[in-house]
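What follows is one structure encoded as structure tokens, with my remarks underneath.
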Amino acid sequence: MTTMIPYGRQDISDIDIQAVVDVLRSDYLTQGPAVPAFEKSVADYCGTQHSVAVNSATSVLHIACLALDVGPGDLVWTTPITFVASANCALYCGASIDFVDIDQRTYNMSVERLAEKLAYAEKIGNLPKVVIPVHLCGQPCDMVGIQVLSQQYGFKIIEDASHAIGGKYRGEPIGNGRYSDITVFSFHPVKIITTGEGGMAMTNDAQLAKRMQLLRSHGITRDVTEMTHAPDGPWYYQQIDLGYNYRMTDLQAALGLSQMQRLDEFVAKRHIIAKRYDQLLAGLPVITPWQHADSYSGLHLYVIRLQLEKIGNTHRQVFEGMHEAGIGVNLHYIPVYRQPYYEGLGFKVGHCPEAEQYYAEAISLPMYPGLTEMQQDKVIKALCQATAK
Ligand SMILES: *Cc1c(COP(=O)(O)O)cnc(C)c1O
């Protein structure tokens, strides 16, 4: 039996393993030195002043919204073509969520649609407090365009860069905080680097960083300057906010710190694989990913769109054909508002037509640094067969 080629997977070296084993043999499995070392490593890489490591990007999105005072009565906007976590974070805070349709070429949030929606929202007095653009597949959104609108309409920006560590926008690292209040990274095993589970918030705002540090650990402080009154004694701590246990362990941080050494290598490898896909797919009835000249994508995903009018099979049949051939293709993503939970909130088919068209045609091909040329050839062969008339 041949095993399925997955759409994504981690790359773990002996050095990575040793880094985790070293923590296991040390004094601290959590709240030791590895977490701040990992935070510093990512902050230095991105050129950001502050970084807050937590147990997942989902948790980062939650405390990022809280740090920006998102609460009941507030409105948050994101893209429908994302993982559900980019939208759920607003609902955790008791806020409402809405979706801005995508750009035809990048599949990221469309700045034109955003501008239209903002103009209308201003008229009816229903502007968003926070907008969460998502760098789909690792390709950065038009952050300059979104930032201009944020200044005009007064909303805050959280960049969901879960796909995008190691990428660049206008020649600078994604996550440097030039275009947003907070940037979010994910270290789930399918993402660019991994900590098993994990995420990080990047910001240049010391107050936001402090707030997120509190929220990741019960809202508890041991810093005398933050306390409401003088400590009772050296054992003393105060809970000054309602926080969570969203901490990252030192085991995870040690893995992340070790993976950071190979981040550039991982992304370069993804680019080699993407380039080869671009070439091998040139004759097939598919649209390959369009890359903006302003951006260097992290290439978390390689998404093709089927030109269904040129293909005998349906989207679903092509997808199933790939699985039958041992290719673990995936679909990123179902428009979030088409999920039953979101339909329950009142969202209807047709809300974002471009996103729905995308969903009807998109397939994520296997993409990860360890993908061999032989495996890639197998993917192409299977796709040729599945799309043959
Ligand atoms: C993976 C992902 C998340 C959630 O990341 P976790 O670390 O698994 O919580 C959020 N947003 C996007 C766009 C993602 O791809």
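All values derive from a computational prediction rather than experimental measurement. Only heavy atoms go into these numbers, but all of them, side chains included; no hydrogens, no water, no symmetry mates. Both ligands and their constituent atoms are indexed starting at 1 by order of listing.
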(message) I want to check something: taking the side chain as every heavy atom from C-beta on, are Ile81 and Tyr358 in contact at a cut-off of under 4.5 Å?
(response) yes
(message) Taking a cutoff of less than 4.0 Å between a non-hydrogen atom of the residue and any ligand atom, is Phe185 in contact with ligand 1?
(response) no
(message) Given Tyr337, which partner from the list His351, Glu356, Glu343 fulfils the side-chain hydrogen bond (donor to acceptor under 3.5 Å, both in side chains) test?
(response) Glu356
(message) With side-chain hydrogen bond (donor to acceptor under 3.5 Å, both in side chains) as the criterion, how do Asp160 and Ser162 come out once you've worked through the C-alpha distance, each side chain's angles and the decisive distance to 0.1 Å?
(response) CA-CA 6 Å; Asp160 185 343; Ser162 291; 2.6 Å; yes
(message) Only heavy atoms of Tyr333, strictly under 4.0 Å: list the atoms of ligand 1 that pass.
(response) 15 (O)
(request) Please work out whether the ring planes of Phe347 and Tyr342 are parallel, tilted or perpendicular, with thresholds of 30° and 60°. (result) tilted
(message) Centre-to-centre under 6.0 Å for Tyr244 and Tyr92, is that the case here?
(response) no
(request) Give yes or no for whether the N/O distance cutoff of 3.5 Å, strictly under, is met between His188 and ligand 1. (result) no
(message) Just to check, does Gly199 reach to within less than 4.0 Å of ligand 1 when the distance is taken from its heavy atoms?
(response) no
(request) For residues Met202 and Ile165, determine if any side-chain heavy atom of one lies less than 4.5 Å from a side-chain heavy atom of the other. (result) no
(request) With heavy atoms of Ser162 as the reference, note each atom of ligand 1 found under 4.0 Å away. (result) 2 (C), 3 (C), 10 (C), 11 (N), 12 (C), 13 (C), 14 (C), 15 (O)
(request) May I ask you to list the atoms of ligand 1 that are less than 4.0 angstrom from any heavy atom of Thr58? (result) 4 (C), 6 (P), 9 (O)
(request) Kindly indicate whether the side chain of Pro231, heavy atoms from C-beta on, has any atom under 4.5 Å from the side chain of Val224. (result) yes
(message) Below 4.0 Å, non-hydrogen atoms only: which portion of Ser86 touches ligand 1? Side chain, backbone, both or neither.
(response) side chain
(message) Give me the residue, atom name and distance of the protein heavy atom closest to atom 15 (O) of ligand 1.
(response) His163 NE2, 2.7 Å
(message) I'd like to check whether Lys191 has a polar contact with ligand 1, where a contact means an N/O of the residue lying under 3.5 Å from an N/O of the ligand.
(response) yes
(message) Does ligand 1 come near enough to Phe83 that some N or O of the ligand is less than 3.5 Å from an N or O of the residue?
(response) no
(request) Just jot down the ligand 1 atoms closer than 4.0 angstrom to any heavy atom of Gly198, in number order. (result) 7 (O)
(message) If I take atom CD1 from residue Ile380 and atom CG from residue Leu284, how far apart are they, to the nearest 0.5 angstrom?
(response) 6.5 Å
(message) Distance under 4.0 Å to a non-hydrogen atom of Val134: what atoms of ligand 1 satisfy this?
(response) 13 (C)
(message) Any heavy-atom pair between the side chains of Thr106 and Cys141 that's under 4.5 Å?
(response) no
(request) Side-chain contact test, heavy atoms from C-beta onward, threshold under 4.5 Å: evaluate it for Ile132 versus Thr82 and give yes or no. (result) no
(message) Give the atom numbers and elements of ligand 1 that come within less than 4.0 Å of a heavy atom of Thr82.
(response) 13 (C)
(request) Using a strict cut-off of 4.0 Å, indicate which atoms of ligand 1 neighbour a heavy atom of Ser186. (result) 1 (C), 5 (O), 6 (P), 7 (O)
(request) Quick one: look up the protein heavy atom nearest atom 11 (N) of ligand 1 and list residue, atom name and how far away it is. (result) Asp160 OD2, 2.7 Å
